[in-house]
Amino acid sequence: MNPRYLPDEVERKAQADWERVDAYRAVEDARREKFYCLSMFPYPSGKLHMGHVRNYTIGDAIARYQRMRGFNVLQPMGWDAFGLPAENAAMANRVPPAAWTYDNIAYMKKQLKSLGFAIDWSRELATCKPDYYKWNQWFFLRMLEKGLAYKKTGVVNWDPVDQTVLANEQVIDGRGWRTGALIEKREIPMYYLRITAYAQELLDDLDKLTEWPERVRAMQANWIGKSVGVRFAFPYKLSASANQLPLSPRERDGVRDAAVAPPSNEREVEGREEKLWVFTTRADTIMGVTFCAVAAEHPLATHAARNNSALADFIDECKRGTVIEADLATMEKKGMPTGLSVTHPLTGESVPVWVGNYVLMGYGDGAVMGVPAHDERDFHFAKKYRLPIKQVIEVPGRPFSTDAWQEWYADKGNGRCIHSGKYDALGYIEAVDAIAAGLNAKGLGDKQVQWRLRDWGISRQRYWGCPIPVIHCATCGDVPVPDDQLPVILPEDCVPDGTGNPLAKRADFVNCLCPRCGKPAKRETDTMDTFVDSSWYYACFCGTDNATAMVDKRVDYWMPVDQYIGGIEHAILHLLYSRFWTKVMRDFGLVKYDEPFTRLLTQGMVLNDIYFRKPESGRIAYYNPADIDVTCDDKGNRVGAVLRADGQPVEWDGLGTMSKSKNNGVDPQQLIEQYGADTARFFVIFTSPPEHTLEWSDYGVEGSSRFLKRLWTFAHECKTFVDAKLSSASINWSEVSNEHKSARREIHLALKQANNDFARHQFNTVASAAMKILNTLERTPGASDMLGHHKIQLAGQTIVSEGLSILLRLLAPITPHVSHVLWQELGFGDDISRAPWPVHDEAALAQDVIEIVVQVNGKLRGKVSVPADASEERVREAALREESVVRHVAGKPVLKVIVVPGKLVNVVV
RNA sequence: GCCCGGGUGGCGAAAUUGGUAGACGCAAGGGACUUAAAAUCCCUUGGGGAGCAAUCCCCGUGCCGGUUCGAUUCCGGCCCCGGGCACCA
């Protein structure tokens, strides 16, 4: 055994041992309880970053811990391999995205292996491989058959120069990020998945996910956005000249394309009688309606604009705006009258219709009722355009005035209806019920649920993705690719040039024969959103070797995932899509569970200092923290920082996530090479609890490295006498010294705490417990002075042997290499990962004499030592005799003495 | 605006969920070893005050109040920070 800790050597040996016996191969075994531990798979961007290291270290610690506790653990790994960065890299380097992606996968796989993760690599998958994405296509076709996938036109950002669709984040100030061209909104046909059909279940089942972080559940509920209200209609008649009837907006939503029937109350047209449908959560204010507002895209707006050029211009202006919702929210509210009127469904009064730029076509029916008295936005709109404001809700003692908006105008909890005819004096709930009933009686509306969630548009006008398996035939229309022609293979040798989709230029891909009529036809060139790829990969891991089915019965053994670990940035989309996909798979009879991820851990981000200089002219320069020397005052406060290269000061800009743009990244590869994987792993576990952000610290890494060196050195010193056969059961602990007794007690106390913390995933304090144990062992008499004296007591040897065996097993999930090698070196066994998980010995915690804290009026005043079995009365006596207690009581009458057995006494005077 | 988290030393953080606040580590200061440095080891370290000293006292978990023998922990009100959603009707 080398007296020095050489991480390189240790890690090479441990990894070779694991490789030789294929240690992490997971095999289904009905007799054993399974544990499926999964970290979110990476996008193969080039090399691992610290976020990956943290994510996979946390996942690996859990996987190894559960393995040692006896579970049959599956921890697989794969690659989220389709996506835009590969196309960008391809343009920059003139290599096909496929080649770039496969190179990255090879390099990153090597890095993951060097970190020693207990991964079953036989199950590796990459979403860009046909044997994976074939099942995306197959499943899409099944959804198409069931009406869960459909086609409709959708609005996209269109770059007219590159002839390309851009993602929202590629549009900067309304211009394309590459071309600088003004971006147009363009409507093109796209495929959608009917996630809204599962909105209620996706919302309800959040209650089952009790092991998910509360905030993730809240974010999903928010996103799904259920509101309960009333959908009702304002009837109207078009003038005689209007012989073209507007369509109901619902029909534009693709409902007609689907296999489900459109809502029955949609298209009734009797003579020229039409209806303007709106949705409201405040039906109780319906008597206060003084106008209606419709979206620019609303058919009524289109109709009104035919003979009104000013209105047409206004509508064009609205349509030209951004599709980014965050920008919409801050836009100035504008409107213009259509000149049309509709009839109030209950009062029969005439209500003017306006076009409002704040009305969303995509929510509800693209039209709203305007109640200025009780909706803040309507109030300001009415003031701006001098529309009437009619109060219909009152709160006793609160005067209403149209001069300025007041918070209580929108209060639905304390309000009562007034000026509302037969609904007067009703509260919110009764009023909504009564008004909904009134509308229903006239066939003009009823209670309805409205969702914020929209159907999931999956078409991407991009090359590097899974082809959508549809063929466009001039005769037969859109024809699904037959199952026996799957997969539709994506050519891997295209090099995109930034203009349009390279697939569209590939005649060998585009030209095909119609499966239905056999005539020449064109293949769909859109590919699927990469979120489709990641929506079911976790299920695929259960049987990656099965080429004949999407999943097989092995999913029944492994799924659902017991522990999922990943970044909070996926709290909504990825997790929601995966939940949706699971429910559809279940309804198709492929799987039996309702939810894919039982427990979820969202790890925090990795931060580092940001240093910069702002020159008088030119751009800000950022400096890597590794090149900065920080000076501190006597108390350790940061007082200044200089760039090591030139000794000149730099400014500190706080902490931020590691990024290229701020030049504050730390390369994991360098870290591993300098300190070893175990140090890197120990540092990320020890420094912060998993859910918190992790602040990078080179000093902290040093500290972690120091601990592992100390561990190695200590193990080396003890190697001569450590013996797995030394049993604590053979020692009569009542006869050993107090020092030995308390040493063993500290070790078992730390173990107890560590087990508690492991169970609740507070791994940083598990690392602390390991450090405490080493501190105790180093101080244990008989261990540290053995080299000089050779008169080691049996008790000391036993404590050290037992303590090291506990310590190494506790550390095995965190620092597997050094634990594995020391376990062998000290003769505990061949494979620490098969050793039983350590459990504390309750007898070791027992004390003959215990220390009791004594308070006077709740303030700590002293301590007394009493026998562990002392009666309450004796403890009380001892406490009252304690000298500082006597001093603080100072003769005042003792009102009360509280005795907490085994803990404390509080004397109240 | 609505919904979630948070606020504890110079720093990362603990506190077995109402019972010794600051475990463990980092940084800092002092010391040992060394010709010297690195490495390693030992001691000190929340703030303030009294004492030659052993020691002792006061304050302290964002702020104000409440419950309690006792509150970082429970309740009410407020302030600040982070995150999510947001013309959603």
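The listed nucleotides are B:C88, B:C26, B:C57; the one nearest the side chain of A:R861 is B:C57.
Shortest non-hydrogen contact noted between A:A754 and A:A769 is CB-CB, 3.8 Å.
The P atoms of B:G84 and B:G66 are separated by 38 Å, rounded to the nearest whole Å. Using atom C1' as the reference point in both B:G6 and B:G12, the two lie 16 Å apart (nearest Å). A distance of about 48 Å separates the C1' atoms of B:A54 and B:G5, rounded to the whole Å. Distance noted for atom P between B:U45 and B:G25: 15 Å (whole Å).
The salt bridge (charged side-chain N to carboxylate O under 4.0 Å, His left out) contacts involving residues 700-714 of chain A comprise A:R710-A:E778, where partners must be two or more places apart or lie in separate chains.
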- Pair assignment for RNA chain B - dot-bracket with | for other-strand partners, Watson-Crick or G-U under 3.5 Å: (((((((..(((......[....))).(((((.......))))).(((((....)))))..(((((..]....))))))))))))....
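Taking only side-chain nitrogens and oxygens, A:R760 never comes nearer than 4.0 Å to OP1 or OP2 of B:A14. Neither OP1 nor OP2 of B:G19 sits under 4.0 Å from any side-chain N or O of A:K903.
At a cut-off of 3.5 angstrom, counting only N and O atoms as typed in the model, there is a donor on one side and an acceptor on the other between the side-chain of A:K863 and the base of B:U20. In terms of polar N and O atoms assigned as donor or acceptor, the side chain of A:N222 never comes within less than 3.5 Å of the base of B:C85 in a complementary pairing.
Figure legend: A:R231 and A:W277 shown as a cation-pi pair, the cationic atom lying under 6.0 angstrom from the six-membered ring centre and within 45 degrees of its axis.
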